[in-house]
**Student:** 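Quick one: this structure, given as structure tokens, is what I'll be asking you about.
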Amino acid sequence: MNWVHLDWVLLVVAAWLLIGVAGVFALRRLTLVARVLFPAGGAFGLLLFGVALSSVMSSPEVAVLPIGLPSLPFHFRLDSLSAFFLMVIGSVSAGVSAFAAGYFRKGEGTPPGLLALEYHLFLASMALVVLADDAYAFMVMWETMALSSFFLVTANHRIVEIQRAGYLYLLIAHIGAISILLCFGVLQANTGDYTFASMRVQALSPFWASVAFLLALFGFGAKAGIVPLHVWLPEAHPAAPSPVSALMSGVMLKTAIYGVLRVFFDLLHTTVWWWGLLLLAVGLTTALFGVVFAAVQVDMKRLLAYSSIENIGLLFAGIGLTVLFSAFGMQPMAALALTAVLYHVASHAFFKSLLFVGTGAVLHATGERNLGKLGGLIRTMPWVAWVTLVAVLASAGLPPLGGFVSEWLLLQSFLFSSGLPSSFLDMLIPVFAALIALIAALAGYTMVKFFGVIFLGQPREEKLARARDAGGWERIGMAWLVGGCLALGLFPVQFIALIDPVTRVLVGAGLGETVNDSGWLLVPVAIERASYGPAIFLLGVAASFALAFLLVRLLYHGRLRRAAPWDCGYRWQNARMQDTAEGFGQPIRQIFEPFFRMERELPTPFDAEPRYRVSVADHFWHWLYVPLGRAVERLASLIGLLQQGRIAVYLLYSFVTLIAVLVVVKQ
Amino acid sequence: MTAMTELVGQLINLLASILLMLAFAMISQRRILSLIHLFTAQGAVLVAATVVVGYATQQPHLYLSAGITLLLKVILIPLLLHRVIARLDVRWDVETLINIPTTMIIGIALVIFAFDLALPISKLSVSVARGTLGIALACVLLSFLMMITRSKAVPQVIAFLSMENGLFFAATSATYGMPMVVELGIALDVLVGILILGVFMFQIREQFDSLDISHLEKLKED
């Protein structure tokens with residue numbers, strides 16, 4: 001047998017499905033599920049990563065599977081773009097599966113065997129979404145993905161908030177799916193042929209191409225969480241078990257990015273410049289909105305969910321820039337922006353899933369999600385703390401980690417844009433670049449808050465002293481993800497060589513050659529413009545760290561004097577005196593006040609027990625979703641008028657309908 | 001031969017007009033017992049019409065369907081209905097939602113509509129009974145009207161059955177009957193339908209101490 005890459009990928013998918021089915025037979029046998037099924041799923045994730053890695057460079061492969069409806073088989077195609085996303089899915093899921101092997105325990109609501117089924121079905125459907133080569137297979141897999149993740153989100157389905165979160169997620173996922181379906185309907189251009197191969201050769205008029213573009217933006221945007229379709233994200237992520245949040249945020253949101261890239265650059269293959277501007281506007285709004293809200297959250301998983309919204313916004317902004325460049329025929333610049341997007345896809349997948357599994361470990365050890373009740377965990381959970389620190393640094397966009405490379409590339413593509421033929425755009429782009437810098441800075445602020453409040457300082461509750469560090473499987477999973485973050489940061493040149501074939505397919509140019517020429521130094525365009533050497537940075541960071549350590553050791557230690565001549569009224573320092581999550585976010589709450597819908601309860605001087613309470617909500621919920629819900633209810637009550645409860649009236653309806661139909665037939 | 005065809009054609013038209021008159025009679029009839037008698041008569045006329053069409057067109061399977069109709073609609077169902085009204089004791093007056101003269105006027109309008117509708121179809125048909133399609137359609141619509149205007153369950157069931165009669169007549173007159181399988185299927189449906197409706201009537205009676213379906217309005221969700 002001569003197996004091509006696609007066969008191996010389908011083998012992995014089949015294995016995942018089998019593992020899921022095996023979970024049904026071991027419904028309540030936790031040890032079997034946790035020690036055998038999840039690690040096996042992780043191993044197949046590694047295999048998928050390996051296969052995808054070797055197929056990124058090779059030419060597209062196709063397969064037709066005669067499953068589904070008769071005369072409507074599933075078409076699959078493995079090209080560079082699919083291979084890239086499969087790489088992300090495989091590598092991240094390997095780490096998350098290993099973590100999940102140690103994470104799931106009794107009392108999670110859904111029995112462990114069923115969780116294994118939903119989890120592996122979710123993985124398999126994500127892999128097949130990026131393989132699908134016709135609208136039918138794509139929609140089936142897209143819906144399977146939505147449904148399996150819905151059941152994973154509602155694992156603790158007896159809690160009312162989780163039911164609400166699951167419902168909201170399912171609702172928005174389906175509205176988005178309808179839009180995607182309509183988009184495919186436009187793309188097939190009245191041929192009735194829903195394979196992607198046929199859509200690729202259709203030439204749509206600018207009007208219909210724009211309609212398809214807007215439908216795809218809405219549909220995939222609902223899944224990705226662009227403003228104002230983001231409301232499900234901060235609800236669903238805290239509700240889901242942490243490995244599931246990690247997969248949803250790290251990988252599933254990326255399938256929406258995949259869909260956007262597939263439709264915009266592969267199926268539509270024409271670009272209009274205002275699409276790019278719209279994407280930039282939407283992306284930057286989303287990013288700013290996400291990061292500002294992340295800065296004021298007090299629930300650690302909600303904070304991460306808003307941070308995901310921010311990153312999705314950055315990705316959309318990068319895609320917008322790519323569209324803008326390729327609409328004006330500036331292919332090398334488009335390739336730079338697209339490389340930044342794909343790089344950020346990979347690095348966000350790693351650091352965000354690492355952050356989520358880190359919160360999972362904290363949640364299991366302490367039972368708390370509220371930042372106000374955590375603190376000082378670096379002493380009881382050092383392993384989790386250091387691992388999370390790596391993810392936090394990557395998320396804040398600091399060198400020498402993956403997040404820095406992608407944000408740096410994105411900023412570079414903004415800064416190189418001063419050759420656009422429209423002077424209006426030329427003036428606008430630097431403003432956008434400044435906005436990106438603001439967003440990156442705020443993201444850093446948010447991450448300082450996240451790490452500082454959870455792990456540093458003194459424990460805010462007594463029980464935190466008894467928190468236990470992550471177990472063996474959890475450590476393996478986290479270590480793998482940390483490795484990913486570090487590798488992405490330290491080997492950008494090698495990684496961009498993998499992205500090169502993808503950008504060549506999508507925008508017809510790549511960074512591979514320029515980057516390869518300069519060896520270890522990352523040079524996206526030209527050496528005299530900008531370059532980045534992660535190894536130098538690493539050496540610099542290590543050297544200054546060592547120097548600081550030595551200096552502190554030599555100069556400061558050993559000369560310590562204890563004295564209390566003037567203690568400012570502090571006889572002792574306790575946990576109540578340190579900065580809280582609310583306090584840390586307060587400046588942001590002041591500066592960006594119009595963004596929030598705040599309710600404050602301030603104590604008066606005469607309160608016996610003064611209490612301060614503030615709740616921060618989203619304007620979109622009250623301005624958009626609540627009126628929309630009311631309108632739907634009003635419409636539904638109009639339909640209720642039809643229901644008279646009298647059989648004669650119901651018969652009259654069918655009678656009148658019959659007469660009307662007969663009259664029409666007569667004409 | 002032509003005289004014979006002519007006679008048969010006239011005979012079918014006669015039977016069709018009797019059918020229409022019976023339909024009007026059912027609309028105006030207040031007593032349930034008489035309604036059942038009228039329904040039985042309608043069934044008998046239908047059997048006769050089917051036999052005549054079968055004879056005229058040399059279609060032996062029409063005799064068979066006439067036999068089924070006879071067994072089902074002239075003997076079995078009226079018997080069942082008689083038993084139901086005896087058990088439920090609802091022999092007497094029925095109040096209608098719209099008064100009877102108004103219903104008759106609406107019925108006339110329906111007949112005109114049905115004829116107008118059937119005209120172009122009749123021109124295409126080559127059957128001996130092509131002129132009767134309009135009447136068959138009118139019977140269906142009149143039965144539907146009756147179903148709307150009655151407020152008790154038993155007359156509604158009778159109206160439903162009479163509508164089926166009209167459909168059957170339309171099939172016979174326009175296309176020499178439906179395929180045997182379809183006909184048998186419909187016959188079985190009607191039989192099962194009447195059994196289920198019978199059960200429902202007893203249930204309604206038990207729940208509300210009356211067969212007046214206006215009580216069902218209470219089931220509406222507010």
**Student:** With a cut-off of 3.5 Å and sequence neighbours excluded, list every side-chain donor-acceptor pair involving residues 190-197 of chain B.
**Tutor:**
none

**Student:** Report, in residue-number order, which members of residues 654-663 of chain A are under 4.5 Å from chain B by heavy-atom distance.
**Tutor:**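 A/Ser654, A/Phe655, A/Leu658, A/Ile659, A/Leu662, A/Val663 fall under the 4.5 Å cut-off.
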
**Student:** Listed by chain and number, what are the side-chain hydrogen bond (donor to acceptor under 3.5 Å, both in side chains) partners of A/Glu601, not counting sequence neighbours?
**Tutor:** A/Arg613

**Student:** Please name the pair of heavy atoms, one in A/Leu651 and one in B/Gln156, separated by the smallest distance, quoted to 0.1 Å.
**Tutor:** CD1-NE2, 3.9 Å

**Student:** Has A/Met598 got more than 12 heavy atoms of other residues, nucleotides or ligands less than 6.0 Å from its CE?
**Tutor:**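 It does: A/Met598 CE has more than 12 such atoms within range.
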
**Student:** Kindly check if the number of other-residue, nucleotide or ligand heavy atoms within 6.0 Å of OH (A/Tyr625) is above 12?
**Tutor:**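 Yes.
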
**Student:** I need the full list of side chain to side chain donor-acceptor pair (under 3.5 Å) pairs touching residues 168-182 of chain A, with sequence neighbours left out, sorted by first then second residue.
**Tutor:**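 Of all non-adjacent pairs touching residues 168-182 of chain A, those that pass side chain to side chain donor-acceptor pair (under 3.5 Å) are A/Glu143-A/His174, A/Ser149-A/Tyr169, A/Tyr169-A/Lys223.
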
**Student:** Which bit of B/Leu110 comes within less than 4.5 Å of chain A, counting heavy atoms only: side chain, backbone, both or neither?
**Tutor:**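 Side chain only.
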
**Student:** Taking atom CZ of A/Phe151 as the centre, report whether more than 12 heavy atoms of other residues, nucleotides or ligands fall under 6.0 Å from it.
**Tutor:** no

